[in-house]
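Here is the structure we will look at, set down as structure tokens.
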Amino acid sequence: MRKLTIDLNNVAHNLDTMRKLVNSTGKQVKIMGVVKADAYGHGMLQVARKIEAEGVDYIGVADLAEAQTLRSAGIKTRILAWLHDPQDDFASAIKHEIDVAVSSQEQLLRVKKAASSAGTPAQIHIKVDTGLSRNGVTIDELEDLLIETKAAVEEGLVETVGIFSHLSSTGVKEDLAQIERFELALDMAAKLGVEFELRHLTASDGTLSYPQAHYDMIRAGIALYGLSPFSDNRAAEFGLKPVMTAEATVVQTKRVQAGEGVSYGYLYRTPKETTLALVPVGYAEGLPRNASGKAEVCINNKFYKILSRIAMDQFVVDVGDASISPGDRVVIFGEGGPSADDLATAADTINYEIVTRIGSRFNREFIG
Ligand SMILES: *Cc1c(COP(=O)(O)O)cnc(C)c1O
């Protein structure tokens with residue numbers, strides 16, 4: 001009834017595209033594939049296994065629970081987790097060889113404790129807030145954190161694998177200011193004698209926009225899934241191929257007279273005698289309710305706007321006099337239909353939100 005096709009060969013293609021892009025100047029820049037939030041709705045384990053097989057250098061997740069799930073499933077690639085609860089168990093992270101981001105003195109203290117109880121040094125990446133004002137230590141507090149970190153290294157409790165930050169993608173001026181602050185952070189670390197194997201700053205957008213800021217590693221999330229990090233539907237220009245296709249089958253069709261109200265609130269009334277097709281996908285599947293009246297779907301190679309209200313489980317399309325019958329294929333977005341970007345525009349959001357919020361009632365089929 002509802003099918004989500006995930007083309008893992010396209011994930012491999014996108015990884016390769018990003019790899020070629022960052023290594024085009026002859027530099028050896030590592031790639032972290034970001035698989036947080038169930039790989040942006042694409043299936044965390046399947047994507048992680050694919051990129052591991054393709055030789056990705058690092059895997060990135062938001063929290064430790066995601067990292068543990070990957071380790072439990074047998075993923076061996078280096079993993080970094082960066083968003084921690086004050087109760088998170090760093091000892092377990094150390095035991096499972098999960099790198100942790102350290103954003104504050106308090107986190108460093110907890111990591112040190114965990115390392116001494118585990119009897120193994122923690123692998124850490126210092127997270128610097130260069131201007132997103134989210135996670136990370138501010139530049140003002142960085143020096144103290146670096147001094148404490150150096151002491152922890154000397155005690156054998158931590159190993160400083162990386163130092164990193166994240167851009168706000170507000171505009172070129174703002175991003176360049178952040179890059180400058182990141183440079184300050186690197187200088188500060190160098191002066192204090194704290195060494196890092198990996199300096200990393202850019203996610204997909206920064207990687208495509210600022211070749212000067214690739215440093216030792218880039219973190220690719222949305223690009224891995226074949227979507228543009230910019231709100232302009234330009235993924236194909238970068239050589240990226242979308243991975244997810246959401247489709248369903250028409251479950252009922254009916255002829256109705258002119259003037260019939262359709263779906264909740266009668267946003268739409270039939271202007272003439274026509275055929276209505278019922279599709280079993282609603283906002284529970286991640287088709288945003290506020291895309292009602294704006295989003296298009298593709299049935300038998302023809303695009304139709306969803307003019308009536310999208311409900312929880314279903315929506316109705318006026319297909320006029322087209323010969324459409326139950327069982328016909330409806331592409332919500334992806335291969336052979338509108339793009340995730342088109343749907344995002346209709347719903348006044350970004351492609352990230354469309355794929356990440358895809359519902360659990362789709363049957364997932366993996367290619368590759
Ligand atoms: C989510 C995330 C990424 C990946 O971002 P994309 O825009 O999807 O490439 C990279 N770094 C951090 C810190 C993130 O939270």
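Position 1 is the first residue of the sequence; numbering continues from there. One-based numbering, in listed order, for ligands and for the atoms of each.
When the options F196, W82, Y58 are evaluated for a ring-ring contact (aromatic ring centres under 6.0 Å, His included) with H125, the one that passes is Y58.
With sequence neighbours excluded, the residues satisfying ring-ring contact (aromatic ring centres under 6.0 Å, His included) with H84 are F90. With sequence neighbours excluded, no residue forms a side-chain hydrogen bond (donor to acceptor under 3.5 Å, both in side chains) with S292.
Between H200 and Y215, a ring centre-to-centre spacing not shorter than 6.0 Å is recorded.
You'll find the side chain of T245 stays beyond 4.5 Å of the side chain of F333, heavy atoms only.
Contact shell of ligand 1 (protein heavy atoms, cutoff 4.0 Å): V34, K36, Y40, W82, K127, R134, H166, A203, S204, R219, A220, G221, I222, Y352.
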Can you give each donor-acceptor pair under 3.5 Å made by side-chain atoms of residues 146-160, sequence neighbours left out, with the distance rounded to 0.1 Å?
{"from": "T149", "atom 1": "OG1", "to": "L145", "atom 2": "O", "distance (Å)": "2.6"}
{"from": "K150", "atom 1": "NZ", "to": "L192", "atom 2": "O", "distance (Å)": "3.1"}
{"from": "E159", "atom 1": "OE1", "to": "Q123", "atom 2": "NE2", "distance (Å)": "2.8"}
{"from": "T160", "atom 1": "OG1", "to": "E195", "atom 2": "O", "distance (Å)": "2.7"}

